[in-house]
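Notes for the one structure printed next.
A, B, ... follow the sequence lines: proteins, then strands. Residue 1 opens every chain. The structure displayed is predicted, hence computed values, not measured ones.
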Amino acid sequence: MSPGWPALSYRAGRIAIMAVVAVVAGADHRLPAAPGAGTRGGGGVLQPLDASGAPIGPPEQVADLALAVADRERRERPRWVWASGAALYPVLLRAGVRVDRCHDIELTEALLLGYAGRWGEPRSFAAAWARLTGAPVPPDPPPRLAEPPGHGQGALFESPLAPPGPGIAALTRVYADQLARIAATEHPGRFRLLVAAESAGALIAVELGAAGLPWRVDVHDALLGELLGGPSPVGGPPRRLAELAARIAAAFDVPQLHVDSPLELVRAFARAGVEVPNTRSWVLRGVDHPAAPLVLEYKELYRIWTAHGWAWQEAWVRDGRFRPEYVPGGVVSGRWATRGGGALQIPKVIRRAVVADPGWTFVVADAGQLEPRILAAVSGDTRLATAARAGDLYAALAADAFGGDRGRAKVALLGAMYGQTGGSAAPALEVLRRNYPAAFGYVETAARSGEAGELVRSWLGRTCPPGSVEFAGADPVPAGGEGGRSARARARGRFTRNFVIQATAAEWAATLLATLRGELAGSDTELVFFQHDEVIVHCRAERAAAVAAAVTRCGERASALLFGQTPVRFPLDLSTVECYADAS
DNA sequence: CGATCCGGCGCC
DNA sequence: AAAGGGCGCCGGATCG
């Protein structure tokens, strides 16, 4: 295992460990109601632990949990062990309390269940405790619905603490059990890093949601006016959309047409003598009919209107910040998801509205060509790793084996990672297979495993979910040409092939993010956005260079933490900009 | 009628 | 040129 980094290290010798359960004041008989309890979300119980998770001394009941956590954090900076950061940390943060590191029981349970092939079993602290004691396992509560800020009860800051769980003794036993299960994995050091990064992600997600992405409503409005022509006074479509719809109808020589309906569009084209299988944009781009370019323009603007228009702004932007709710581990590959707001799909044109505060700036960093570099690192393919030392991996690969044709080199690598088999990619893939056998073999092995119904794992040990049980048996679909494999098996192979890469890339990015949070802690900077392989720091303009240097260091640290001494480089594209749209 | 599926497209 | 992985979100279409 590579050298640890404080926030991610599990070397417990110098790090205090503190289990904590929150107790809603007055709602739990184990905690006598105390004067002042509940002013900051209630009291709780703290329990110091040793490195193995065993209790040190008696638990301590506190009436004001946030105060107690802040105090311990200042004195000891322990690793906090708690049931769910998603539930507890918003309450602490609202009270102004930040913590450095934690072990998130719920997220860890999900990782361990997945590792054991028990995907989908309840992952809550209560469920883990029930499994440990042989009690009936309670189902997880259903996921909350997306809830824009300022509406309803305001999920992030005003949700009450969850009802009291099984208590501090149970929590410490579940923690010790998880430590033992982690130790029993194939690569415990890697899995510890995964747990630490996932737990840190839970903290960062809450902080990101609280900070929000700076959003200039006036710029957004101007942009929408420019693109859409201003909202219609009667709640109908914006002026430019209505105009386009009219012109489309005219092009089809009909009085009116429902352009939002793919079915109506296909029929209209058919009446005009153009047979299209669907109305996808790449299909329409090849259609020779005056309506086609109009429809393409309509779709683009319609998308902006419905997904990032005035209604979206009204729902999601408050006080100059877009505040989505991030969900770490919300994607099977370990990528984050968001709940509401579509934060991970902000169209490029709309990013014009993301403007730094006066005197401040954005440091935007994204990891270029991350996935092929991950492939080079995990496969240990020395020739690919050599190419991955270059700033432009595809160009280096092209020079090495593709006769300088960068496009073919890229097609080959993407095809290998996504599972493309046919088309013009085939010969390029053959070049890849011949010249980079270890890398090619790595994804091929993952694909064959998936086709055979086996599970695959990321570098740190995140495990892919099983295929649906209904398809686990014999596949009724006749086997195609691909060596007798069914279409279903091949689809599964493409999934597992991609999983080993995408999930490891997510781990690298999460590790970068966690180390960066540590570096920025206490400084006058804020993390404001994270999207798969891209991070935005909002800081005073004069600090930008220092922040950029910190991001670079953290990228190197992430690489070392995951892969140790690897020749593969993971360069970050860095921009210091006042507007997100100006980032490279 | 609401719940759910699906087409389509935004991002990585 | 098109298609191969992962998502969320919208509105239309369809189901019960």
Side-chain angles (χ1 to χ4, degrees), chain A residues 143 145-146 148 237 241 258-266 276-286 295-296 298-309 311-312 315-316 324-351 366-372 374-375 407 410-426 428-429 443 446-447 450 456 458 462 464-465 482 487 490-506 508-509 529-535 573 580:
Chain A
L145 295 177
L241 273 180
H258 199 178
V259 190
D260 317 331
S261 165
L263 195 61
E264 280 196 40
L265 266 184
V266 169
V276 288
N278 53 55
T279 64
R280 295 181 187 183
S281 50
W282 70 79
V283 171
L284 294 186
R285 269 192 275 275
V295 170
L296 286 171
Y298 181 95
K299 281 168 174 285
E300 194 179 327
L301 296 180
Y302 181 82
R303 164 87 190 176
I304 288 168
W305 176 48
T306 57
H308 287 92
W312 174 90
W316 292 102
E325 185 183 355
Y326 293 89
V327 186
V331 177
V332 294
S333 65
R335 278 183 172 182
W336 291 20
T338 55
R339 196 146 38 208
L344 304 183
Q345 303 114 251
I346 305 170
K348 291 246 164 85
V349 286
I350 298 297
R351 297 180 182 183
D366 80 291
Q369 306 170 337
L370 178 57
E371 296 197 347
I374 291 288
L375 173 58
K410 185 174 177 177
V411 161
L413 261 187
L414 293 179
M417 291 186 298
Y418 286 155
Q420 183 183 18
T421 50
S424 64
L429 280 166
V443 285
V456 298
S458 69
R462 188 185 302 271
C464 77
E482 296 279 328
R490 276 179 277 127
R492 178 71 183 167
R494 286 193 298 273
F495 169 69
T496 52
R497 169 195 296 272
N498 185 253
F499 180 92
V500 295
I501 302 300
Q502 187 185 114
T504 305
W508 184 90
F529 194 61
F530 174 58
Q531 174 175 251
H532 307 317
D533 60 0
E534 178 178 4
V535 58
D573 292 331
Y580 184 22

So, does the side chain of A:Arg335 form a donor-acceptor pair with the base of B:dC12 at under 3.5 Å?
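Result: at least one qualifying N/O pair found.
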
Give [X] one of three labels, base, sugar-phosphate or nothing, depending on what nucleic acid heavy atoms sit under 4.0 Å from its own.
X: A:Asn278; answer: sugar-phosphate
X: A:Gly415; answer: nothing
X: A:Gln531; answer: sugar-phosphate
X: A:Ser333; answer: nothing
X: A:Leu414; answer: nothing
X: A:Tyr302; answer: sugar-phosphate

Quick one: salt bridge (charged side-chain N to carboxylate O under 4.0 Å, His left out) partners of A:Glu371, sequence neighbours excluded?
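Checked A:Glu371 against salt bridge (charged side-chain N to carboxylate O under 4.0 Å, His left out); matches are A:Arg335.
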
Taking [atom1] from [X] and [atom2] from [N], how many angstroms apart are they, rounded to a whole number?
X: A:His308; N: C:dG11; atom1: NE2; atom2: P; result: 13 Å
X: A:Tyr418; N: C:dC7; atom1: OH; atom2: P; result: 13 Å
X: A:Asn498; N: B:dC12; atom1: CG; atom2: C1'; result: 11 Å
X: A:Asp533; N: C:dG6; atom1: CG; atom2: P; result: 17 Å
X: A:Gln345; N: B:dC12; atom1: CD; atom2: P; result: 10 Å
X: A:Asp260; N: B:dC9; atom1: CG; atom2: P; result: 12 Å
X: A:Leu301; N: B:dG10; atom1: CG; atom2: C1'; result: 14 Å
X: A:Arg303; N: C:dG11; atom1: CZ; atom2: P; result: 11 Å

Is there a side-chain contact between [X] and the phosphate of [N], meaning an N or O under 4.0 Å from OP1 or OP2?
X: A:Thr279; N: B:dG8; value: yes
X: A:Arg494; N: C:dG4; value: no
X: A:Trp282; N: C:dA3; value: yes
X: A:His258; N: C:dG12; value: yes
X: A:Lys348; N: B:dC12; value: yes

Residue [X], side-chain atoms from C-beta onward, closest of [options]:
X: A:Ala337; options: C:dG8, C:dG6, C:dC10; answer: C:dG8
X: A:Lys299; options: C:dG5, C:dC7, B:dC9; answer: B:dC9
X: A:Pro262; options: B:dG7, B:dG10, C:dA13; answer: B:dG7

Map A:Arg285 and A:Ala491 onto DNA chain C by nearest heavy atom, then report which one ends up closer to the 5' terminus.
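The residue whose closest nucleotide sits nearer the 5' end is A:Arg285.
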
Find which nucleotide of DNA chain C each of A:Ser261 and A:Val283 is nearest to by heavy atoms, and output the residue with the more 5' nucleotide.
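In this pair, the answer is A:Val283.
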
Taking it one step at a time, do A:Val332 and A:Phe495 satisfy side chain to side chain contact (heavy atoms under 4.5 Å, CB included)?
CA-CA 11 Å; A:Val332 294; A:Phe495 169 69; 4.1 Å; yes

For A:Glu534 and A:Tyr580, work out which heavy atoms get closest and say how close.
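Taking A:Glu534 first and A:Tyr580 second, the nearest heavy atoms are OE2-OH, 2.7 Å.
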
Residue pair A:Asp533 / A:Trp508, side-chain heavy-atom distance below 4.5 Å:
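Answer no - side chains too far apart.
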
Just wondering, more than 12 heavy atoms not from A:Lys299 lying within 6.0 Å of its NZ?
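Counting other residues, nucleotides and ligands, NZ of A:Lys299 exceeds 12 neighbours.
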
Would you please test A:Ser333 and A:His532 for side chain to side chain contact (heavy atoms under 4.5 Å, CB included) and show each step?
CA-CA 11 Å; A:Ser333 65; A:His532 307 317; over 6 Å; no

